[in-house]
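Here the structure comes first, spelled out in structure tokens, and everything after it is commentary.
Throughout, protein chains are lettered first and strands after them, A, B, ... in sequence-line order, and every chain is numbered starting at 1.
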Amino acid sequence: MARPRTPKGRARETLARLSREYPDARCELDHRNPYELLAATILSAQCTDARVNMVTPTLFARYPEPEDLADADPAEVEDIVRSTGFYKNKTRSLIGMARALVERYDGEVPSAMKDLVTVPGVGRKTANVVRSVAMGLPGLPVDTHVGRLSLRLGLTTETDPVKVEHELNAMVPAAQRGIFSLLLILHGRRVCVARTPRCEVCVLNDFCPASRV
DNA sequence: ATCCCGAGGG
DNA sequence: CCCTCTGGAT
């Protein structure tokens with residue numbers, strides 16, 4: 001297909017072309033279960049996945065289950081996660097998250113969005129990451145990259161991440177929402193960067209309304 | 001300087 | 001809606 005003219009058409013074409021461009025796109029946060037991915041995602045704010053992956057082996061060895069983390073000494077957790085930045089907030093979130101799982105969800109990560117977002121440190125973006133990556137459930141994480149690219153590509157006119165998420169949900173099949181988000185993030189980092197997008201090397205530049213090529 | 005998949009609080 | 005929280009890599 002060439003030059004799709006509707007938002008939905010552009011969304012489908014974006015998915016097709018970026019899948020070809022980044023065939024190995026996947027979540028790069030190391031984890032073995034939803035609890036570990038939830039913790040890793042909390043740690044990933046303003047931090048590279050590689051950095052998170054350097055601290056999580058120690059974190060998960062020390063606190064293998066939510067029950068262990070719920071009773072953790074904050075100072076000890078801070079020492080483990082310090083290098084990921086925002087370490088006081090992240091420590092509070094991690095311990096609060098673990099306590100919520102133990103006290104309200106029988107030590108399991110809840111799968112419903114309405115439950116997930118009540119957990120300390122877990123917003124919609126994090127909830128959608130855990131749902132789509134660790135649970136195989138529909139979820140389309142909208143972060144700064146997904147929001148920016150969706151606007152530029154004319155997939156939406158909204159700037160509120162929740163509204164963007166709902167509009168994208170209406171255009172992307174449930175089974176592909178997770179990968180769609182991952183692809184936009186990758187493309188947003190490598191090509192469609194915030195400041196000066198590299199439109200001249202972008203595989204979407206023939207139909208992107210914001211292209212300056 | 002700028003970037004790295006944010007969430008909570010005022 | 002804006003502010004704050006934070007360290008590491010480039």
Grab the CD-C1' distance between Q46(A) and dT2(B) for me, whole Å please. 11 Å
Kindly point out which of dC5(C), dG7(C), dC4(B) is positioned nearest to the side chain of F86(A)? dC5(C)
Atom P, compared across dT6(C) and dT2(B): separation rounded to whole Å: 23 Å
Taking only side-chain nitrogens and oxygens of H145(A), does any of them come within less than 4.0 Å of OP1 or OP2 of dC3(B)? no
Please state how far atom CD1 in I80(A) lies from atom P in dG7(C), giving the value in whole angstrom units. 17 Å
Using a 4.0 Å heavy-atom cut-off, does L182(A) contact any base of the nucleic acid, only the sugar-phosphate backbone, or nothing at all? base
Spacing of K90(A) atom NZ relative to dT6(C) atom P, expressed in whole Å: 10 Å
Check every atom of dC3(B), dG6(B), dG8(C) against the side chain of T144(A) and return the nucleotide holding the closest atom. dG6(B)
Would you sort out whether C47(A) and K90(A) count as a side-chain contact (heavy atoms from CB on, under 4.5 Å), showing the intermediate values? CA-CA 12 Å; C47(A) 174; K90(A) 288 176 179 178; 4.1 Å; yes
Would you give the length of the straight line joining atom OG of S111(A) to atom CZ of R131(A), rounded to the nearest 0.5 angstrom? 6.5 Å
Rounded to whole Å, CG of D143(A) lies from P of dC3(B) at a distance of 14 Å
Kindly point out which of dG7(C), dT2(B), dC4(B) is positioned nearest to the side chain of S83(A)? dG7(C)
Pairwise 5' ranking along DNA chain B for S44(A) and R195(A), keeping only the more 5' one: R195(A)
Please report, rounded to the nearest Å, how far the P atom of dC5(C) is from the CG atom of L94(A). 19 Å
For nucleotides 7-10 of chain B, print each protein N/O atom paired with a nucleotide N/O atom at under 3.5 Å, atom names and distance only.
| residue | atom | partner | partner atom | Å |
| --- | --- | --- | --- | --- |
| dA7(B) | OP1 | G123(A) | N | 3.1 |
| dA7(B) | OP1 | T126(A) | N | 3.0 |
| dA7(B) | OP1 | T126(A) | OG1 | 2.4 |
| dG8(B) | OP1 | G121(A) | N | 2.8 |

Just how far, in rounded Å, is P of dG7(C) from CG of D79(A)? 13 Å
Atom CD of E28(A) to atom C1' of dC4(B): distance rounded to whole Å? 12 Å
Go through the structure and list residues passing side-chain contact (heavy atoms from CB on, under 4.5 Å) with P4(A), not counting sequence neighbours. M1(A), R10(A), E13(A), F207(A)
Counting side-chain heavy atoms from C-beta on, which of dA9(C), dG7(C), dT2(B) comes nearest to R51(A)? dA9(C)
Work out how far the C1' atom of dG7(C) is from that of dG9(B), and round it to whole angstrom. 22 Å
For the atom pair CG (L153(A)) and OG (S211(A)), what is the distance rounded to the nearest 0.5 Å? 10.0 Å
Under 6.0 Å from the CG atom of D73(A), do we count more than 12 heavy atoms belonging to anything else shown? yes
Which pair of non-hydrogen atoms, one from C202(A) and one from V191(A), has the smallest distance, and what is that distance? CB-CG1, 3.8 Å
Applying side-chain contact (heavy atoms from CB on, under 4.5 Å), can you list everything that pairs with S83(A), at least two apart in sequence or on another chain? R51(A), V55(A)
From CD1 of I42(A) across to P of dT6(C) the rounded distance in Å is 15 Å
